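Since this is a predicted model, take the numbers as computed values, not measurements. Atom set for the values below is all heavy atoms of this structure, side chains included, hydrogens, waters and symmetry mates excluded.
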2 protein chains.
Amino acid sequence: MARPPAHSVDETAVGAPPARRIDRGLLPTLLGYELRRTQSAVFADFAATFAAAGETLTPGEFGLLVLVERNDGMSQMALARALGIDRSTLVPILDRLQARDLLVRRRSPTDARTHALGLTAEGEQAVARFTRLVKAHEKRIASGLSAAETRLLIELLEKVRTAARSL
Amino acid sequence: MARPPAHSVDETAVGAPPARRIDRGLLPTLLGYELRRTQSAVFADFAATFAAAGETLTPGEFGLLVLVERNDGMSQMALARALGIDRSTLVPILDRLQARDLLVRRRSPTDARTHALGLTAEGEQAVARFTRLVKAHEKRIASGLSAAETRLLIELLEKVRTAARSL
DNA sequence: TATTGTTATACTCTATAACTATA
DNA sequence: TATAGTTATAGAGTATAACAATA
């Protein structure tokens, strides 16, 4: 069976003109779909918040920095596990943060195979600044919700995460 | 100021042994963080559901196929806008789906610049199969929630998306 | 002139496999 | 043997800039 090349155009005529309004069918009733769309909008708000303050950071980098700050001396393996990513994925991310002088790989006193991760003084200061921006961002994305609704939302998300975890 | 090379190791000794339990600090109180973690777990459940059925599909591809099915003849620009991605990003995604014979780029009868996107017969059948798998996946991730809680969660997510949109 | 789809390019996130040093 | 970090590599998702065809 010969297959047409990529982005070939089917020459069969078609009658329907382009749809005016987009019909999303069942998608808006799907938790996974709404989760993905919301997460995408929240990511954009995060980026815009940091860009407006002249800072560059992704949500993932923020989470990583907080983890290292709260768990000084942790290994790359422990960090990768906490982030749910492969240890090889972590390497270039740490390289970048280290190049920005926010983080250091120190010698572990107990196991020469591991690195003891830690923030630099500059990293500590940066995390303090970043935390203020994150709080402003959080306030904005939760602005349509009461405090009780925000807590409820987080609870419901945790329940979904637990159910999804039990594969 | 000379900067050490990537993944250099700081020779300053450090006393703290690796932390036993991970301290996540303020992260679990952040909507953005919980959203990201939940979305990641849901994505993994989606992938596992499809893999277990011998099918290969991402949530993004499912959303795209449903959009094309419900809006037959739509252009690539319209689809890119509906998905919130750049038109250039869409090209290789459509190439892949077209190579799998699920989707076709047809000639538009009204505007030779555009393609009228549509599903093949095989694509229609596949979407029917995929929809059954998605429903099973949705049932699993929502298994910790009542029907009312699921609806509420979707409502709260929409409110967050709206607030994040208004940048 | 403006729009659509494509290409070239680049960057990030993700993984697997194999290598080195160490335990 | 097993573990930690690194490298090489590859695939997917994302974007911008420039181009050809068409409006």
Side-chain angles (χ1 to χ4, degrees), chain A residues 5-10 17-18 36 39-41 43-44 46-48 51 56-64 73-100 103-117, chain B residues 5-10 17-18 36 39-41 43-44 46-48 51 56-64 73-100 103-117:
Chain A
H7 52 260
S8 66
V9 175
D10 186 306
R36 230 157 47 83
Q39 144 71 21
S40 168
F43 188 102
F46 186 102
T56 307
L57 201 76
T58 65
E61 287 168 339
F62 179 72
L64 186 156
M74 78 191 301
S75 71
Q76 295 184 194
M77 269 304 294
L79 181 55
R81 249 179 267 120
L83 293 172
I85 63 177
D86 191 84
R87 64 192 197 276
S88 68
T89 302
L90 189 54
V91 173
I93 301 174
L94 293 180
D95 289 350
R96 222 182 318 126
L97 261 9
Q98 189 161 356
R100 289 174 66 180
L103 175 147
V104 278
R105 286 161 160 119
R106 290 171 304 198
R107 225 177 64 233
S108 166
T110 53
D111 186 339
R113 294 173 303 180
T114 73
H115 289 159
L117 299 174
Chain B
H7 51 259
S8 65
V9 175
D10 187 306
R36 230 158 47 83
Q39 143 72 22
S40 168
F43 188 100
F46 186 102
T56 307
L57 202 75
T58 66
E61 288 169 338
F62 179 71
L64 187 156
M74 78 192 301
S75 71
Q76 293 184 197
M77 269 305 294
L79 180 56
R81 249 180 265 119
L83 293 171
I85 63 177
D86 191 84
R87 64 191 197 278
S88 68
T89 303
L90 188 55
V91 174
I93 301 174
L94 293 180
D95 288 352
R96 221 181 321 124
L97 261 10
Q98 189 161 358
R100 289 172 66 181
L103 174 149
V104 279
R105 287 161 160 120
R106 290 172 303 196
R107 224 176 64 233
S108 166
T110 53
D111 187 339
R113 292 173 305 181
T114 72
H115 289 159
L117 299 174

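When every heavy atom of A:Ala116 is checked against every heavy atom of A:Arg107, the shortest pair comes out as CB-O, 4.2 Å. The shortest non-hydrogen separation linking B:Leu57 to B:Phe46 is O-CE2, 3.3 Å. A pairwise comparison of heavy atoms in B:Phe43 and B:Pro59 identifies CE1-CD, 3.5 Å as the closest pair. Nearest heavy atoms, B:Arg106 versus B:Leu117: NH2-O, 3.2 Å.
Nucleotides of DNA chain D nearest to A:Gln76 and A:Arg36 differ in position, and the one nearer the 5' end is that of A:Gln76.
Taking atom CD on B:Gln98 and atom C1' on C:dT6, their separation rounds to 13 Å, with Å as the unit. The distance between atom CG of B:Leu103 and atom P of C:dG5, rounded to the nearest whole Å, is 13 Å. Per the geometry, CG belonging to A:Leu97 stands 14 Å off C1' belonging to C:dT12, to the nearest Å. In this entry the distance linking CG of A:Leu117 with P of D:dA4 reads 13 Å, nearest Å. Residue B:Arg100 contributes atom CZ, which lies 14 Å from atom C1' of D:dA12 at whole-angstrom precision. Put simply, CZ on B:Phe43 is 12 Å from C1' on C:dA15, counting in whole angstrom units. Between the NE2 atom of B:His115 and the P atom of D:dT22 there is a distance of 10 Å, rounded to whole Å. When rounded to the nearest whole Å, the span between CD of A:Glu61 and P of C:dC13 equals 6 Å.
A sub-4.0 Å separation between OP1 or OP2 of D:dT6 and a side-chain N or O of A:Arg105 is present. A sub-4.0 Å separation between OP1 or OP2 of D:dG13 and a side-chain N or O of B:Arg96 is present.
Residues A:Thr114 and A:Met77 form no side-chain contact, since every pair of their non-hydrogen atoms from C-beta on lies 4.5 Å or further apart.
Residue contacts for A:Ile85: at a heavy-atom cut-off of 4.0 Å it reaches the sugar-phosphate backbone alone, with no base atom in range.
Taking every side-chain heavy atom of B:Met77 into account, C:dG5 is the closest of D:dA12, D:dA4, C:dG5. Relative to the side chain of A:Val91, the nucleotides D:dG13, C:dT12, D:dT7 differ in distance, and D:dT7 lies closest.
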- For nucleotides 16-23 of chain C, read 5' to 3', which letter fits each nucleotide if B means a protein heavy atom sits under 4.0 Å from the base, S means only the sugar-phosphate is that close, and - means neither? BBB---BS

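How far CZ of B:Arg96 is from OG1 of B:Thr56: 11.0 Å, rounded to the nearest 0.5 Å.
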When the side chains of residues 87-95 of chain A are checked against the rest of the protein, which donor-acceptor pairs come out under 3.5 Å, sequence neighbours left out?
unit_1: A:Ser88; atom_1: OG; unit_2: A:Asp86; atom_2: OD2; d: 2.8
unit_1: A:Asp95; atom_1: OD1; unit_2: A:Arg105; atom_2: NH1; d: 2.9
unit_1: A:Asp95; atom_1: OD1; unit_2: A:Arg105; atom_2: NH2; d: 3.1
unit_1: A:Asp95; atom_1: OD1; unit_2: B:His7; atom_2: N; d: 3.4
unit_1: A:Asp95; atom_1: OD1; unit_2: B:His7; atom_2: ND1; d: 3.0
unit_1: A:Asp95; atom_1: OD2; unit_2: B:His7; atom_2: ND1; d: 3.2

